[in-house]
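Okay, structure first, notes after.
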Protein chains: 2
Amino acid sequence: MVNLADVAHRAHVSKMTVSRVINHPEKVSEEVKAAVLSAIDAVGYQPNRMAQALVNHQNYVIEFLVLEDVVTVEPNYAILLLQIADLLNQRGYTLEISTHIKANKRIDGVIVSGWRADDLPALEALSVPVVLYGESPLDYDMPFVDVDNRQGTALATQHLIRAGYDKIIYVGLTVDLPFAQERERGYLDTMAANHKVSRVYTVDNHSRAAEQLIFNLQTHLPANTGVVCATDRIALGVVRALNRQNGIPEKYGVVGFDGVFIDQITSPQLTTIRQPFAQIAHALVDNLFVQLHNGELGMQRLAPDVIIRDTTRH
Amino acid sequence: MVNLADVAHRAHVSKMTVSRVINHPEKVSEEVKAAVLSAIDAVGYQPNRMAQALVNHQNYVIEFLVLEDVVTVEPNYAILLLQIADLLNQRGYTLEISTHIKANKRIDGVIVSGWRADDLPALEALSVPVVLYGESPLDYDMPFVDVDNRQGTALATQHLIRAGYDKIIYVGLTVDLPFAQERERGYLDTMAANHKVSRVYTVDNHSRAAEQLIFNLQTHLPANTGVVCATDRIALGVVRALNRQNGIPEKYGVVGFDGVFIDQITSPQLTTIRQPFAQIAHALVDNLFVQLHNGELGMQRLAPDVIIRDTTRH
DNA sequence: TTTCGGCGTGTTAACGGTAACATGTTTTTT
DNA sequence: AAAAAACATGTTACCGTTAACACGCCGAAA
């Protein structure tokens, strides 16, 4: 591998000048700069990150902490991971994936997903910048990035209203996490704003649980009912329960939430609120780098997309 | 962060002795070794990987190359990624995720998934060890790790035979990749060994395509037919098509292949051949490290598990 | 008793890069 | 025209670790 000295030799300057061309180009005269740049190009020089790390007291490693059980990990992590890794690589950083919080690691920052409330104290105590993926509770002011959950269910509810469904119910999650509360909120607010009566049920995040719920409920579900679901998993179960009578989308409308993978494999294809993963990945990485440069960037809620497919009338 | 000098000072020895205790313990006297170890423990010393990298001319970075389109990435990547990353971390390595082949990167090895035949020349030309995830074609002798695809469909076919299904068909993939050929082979060989007439259909790897195929085929599918599917996606479509008549598992049996995620969200729950991802991750990492130590380790085919659930009789 | 070999430990230099300072040259100021 | 300031480039030392070599000590061989 070529190093600074090789470039320096070829350009007839010292190592330091080459280093300056890269890091403080304004301090080098135009002619020398041009010569050095062409030498860099000619020999294909790439800085050695390890040497930089050593002298700069940095690690160029960002940790992605997955605190959820690996087995239950949602497929969307793969997409998020790939995007984040790519963005970090572009900035000369490397990704380290870990499944438990540990202080004193040689890392420069942490991106956390799948955390629960009781993980937050330990995360706050870390000596490096941290960004959460997912809305943090009000009593912690840790920076986070999330889809705008409230807006998401609001859009879902509005879509069902516009599509002419009469009664609209919400199937939410039994877990008491901020994002779940926000999603419920988006439904409730929209219903109130439209002077409609809201009705909330909750289930565990499994398609079978949702299927069972709807099965038990079916006598209470008149034709022309819309169902806003807190997740695609729930929506999948709801679709299965309602589709037995072939009532979708004419008799019943169903909208999911997340828009990764599950929505692709349902039949009929699921109308859903899609998380903008590319933007989320960008925001997570940007947020971390702003913190690394001593800035501050609090919470970021990103607008979701409505993907209208075949479980609702258009 | 504490460094060698801190430990050395505390143990009243030189930095070199501490380094030796870590890397060549047999060259240090027992008493000094004990003193150094307790000093290391007391100050919580962890070696600086960057400094080691610099002096050892290594990078301590392994690249995970995802050559498949990010959007179509299967959920199982998440699991595999997490496992691989954890294993690498344990060995002091970091994972770098990338989506395109590029020479001259500062990495020590590459794990590749989602490759196509025309990627292989470029991979072979890399100057660092490479392991493929997924069976490689015969004309390349690159090391690979994969589930034993042939054994997988053999087990699926045997299970259907034992469960008493009479006619057994195979729904395979239109793509002409080694793993797909192997899966077909496992079915064909088992049928031949049991003196049964085999019947192979192929579709694209989409549940809707499979659903359509079975729908078109239904007059040719007598009661008591078993279906071996090349993937869980296909199996999902087959189940949807056959379950309309509530014929599963009594009238029809269905077995999938992959056992990640999709099988969890089907109803009824899918009988499937599960890839042993934990072992695959281990094998991929081990294979790479054997190569890094100048060893050689060719192809590794790992035994799959049969997960019997509700789309077949037991 | 002197010499040699081995053992345990310390010293030096190097990996590739950068900050801080030193030096030499040009430009500005008075 | 001399002094000061600004600019461009080079020199030195250091980040944390390790290989290679140097050194001193002890026991075995002569």
Side-chain angles (χ1 to χ4, degrees), chain A residues 1-40 43-61 91-94 104-108 292-293, chain B residues 1-40 43-61 91-94 104-108 292-293:
Chain A
M1 277 281 95
V2 296
N3 59 21
L4 270 190
D6 299 326
V7 177
H9 187 251
R10 194 174 219 277
H12 307 291
V13 294
S14 71
K15 289 198 303 175
M16 198 57 226
T17 302
V18 179
S19 172
R20 261 194 284 260
V21 168
I22 294 167
N23 299 303
H24 311 282
E26 75 286 357
K27 295 187 174 176
V28 182
S29 70
E30 291 303 325
E31 319 143 50
V32 174
K33 200 191 300 179
V36 169
L37 286 175
S38 85
I40 287 179
V43 299
Y45 169 74
Q46 281 186 277
N48 182 326
R49 194 196 305 157
M50 303 299 161
Q52 290 179 314
L54 191 58
V55 74
N56 292 335
H57 303 282
Q58 294 192 41
N59 301 288
Y60 297 107
V61 177
R91 302 191 186 225
Y93 279 70
T94 266
N104 276 338
K105 296 192 74 171
R106 299 200 178 264
I107 52 177
D108 300 320
L292 281 173
H293 295 78
Chain B
M1 277 280 95
V2 296
N3 60 20
L4 270 190
D6 300 326
V7 177
H9 188 250
R10 195 173 216 277
H12 306 292
V13 296
S14 71
K15 293 194 301 176
M16 200 54 227
T17 302
V18 180
S19 172
R20 262 194 284 260
V21 168
I22 295 168
N23 299 304
H24 310 284
E26 77 285 357
K27 295 188 174 175
V28 182
S29 71
E30 291 302 325
E31 321 143 49
V32 175
K33 201 191 300 179
V36 168
L37 286 175
S38 84
I40 286 178
V43 300
Y45 170 75
Q46 280 188 279
N48 183 325
R49 192 195 308 156
M50 303 301 160
Q52 290 180 315
L54 191 59
V55 75
N56 292 335
H57 303 284
Q58 294 193 38
N59 302 100
Y60 296 109
V61 177
R91 303 192 185 223
Y93 279 70
T94 268
N104 275 339
K105 296 192 74 171
R106 299 201 177 265
I107 53 178
D108 300 319
L292 281 174
H293 295 78

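Order of the sequence lines fixes the chain letters, A, B, ..., with proteins taken first and strands second; residue numbering starts at 1 for each chain. Computed from a predicted structure; not experimentally measured.
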Distance below 4.0 Å between [X] side-chain N/O and [N] OP1 or OP2:
| X | N | value |
| --- | --- | --- |
| B:Ser19 | D:dT18 | yes |
| B:Ser29 | C:dC7 | no |
| A:Ser14 | D:dT11 | no |
| A:Tyr60 | C:dG17 | no |
| B:Gln52 | D:dT18 | yes |
| A:His24 | C:dA19 | yes |
| B:Asn23 | D:dT18 | yes |
| A:Asn48 | C:dG16 | no |

Checklist entry - C:dG17 C1' sits how many Å from A:Gln46 CD, rounded? => result 15 Å

Next on the checklist: Distance check needed: C:dT18 P versus A:Met16 CE, whole Å only.
Outcome noted: 7 Å

So if I take every side-chain heavy atom of [X] and compare against [options], which nucleotide ends up nearest?
| X | options | value |
| --- | --- | --- |
| B:Leu4 | C:dG10, D:dT9, D:dT18 | D:dT18 |
| A:Leu54 | D:dG10, D:dG16, D:dC21 | D:dG16 |
| B:Val55 | C:dT18, C:dG17, C:dC15 | C:dC15 |
| A:Asn3 | C:dT18, D:dT9, C:dG16 | C:dG16 |

Checklist entry - Any donor-acceptor pair under 3.5 Å between the side chain of A:Lys15 and the base of C:dG16? => result no

Item to check | Pair of N/O donor and acceptor under 3.5 Å linking D:dG16 base with B:Arg49 side chain | outcome: no

Find the distance between [atom1] ([X]) and [atom2] ([Y]) and round it off to the nearest 0.5 Å.
| X | Y | atom1 | atom2 | answer |
| --- | --- | --- | --- | --- |
| B:His57 | A:Asn48 | NE2 | CG | 9.5 Å |
| B:Thr94 | B:Tyr60 | OG1 | OH | 11.5 Å |
| B:Asn3 | B:Lys15 | CG | NZ | 7.5 Å |

Next on the checklist: Nearest heavy atom decides the nucleotide; on that basis, is B:Arg106 or B:His12 closer to the 5' end of DNA chain C?
Outcome noted: B:His12

Next on the checklist: Contact between B:Val61 and A:Met50 at the side-chain level, heavy atoms closer than 4.5 Å - yes or no?
Outcome noted: yes

Checklist entry - Does B:Arg106 reach the main-chain N or O of A:Met1 with its side chain, forming a donor-acceptor pair under 3.5 Å? => result no

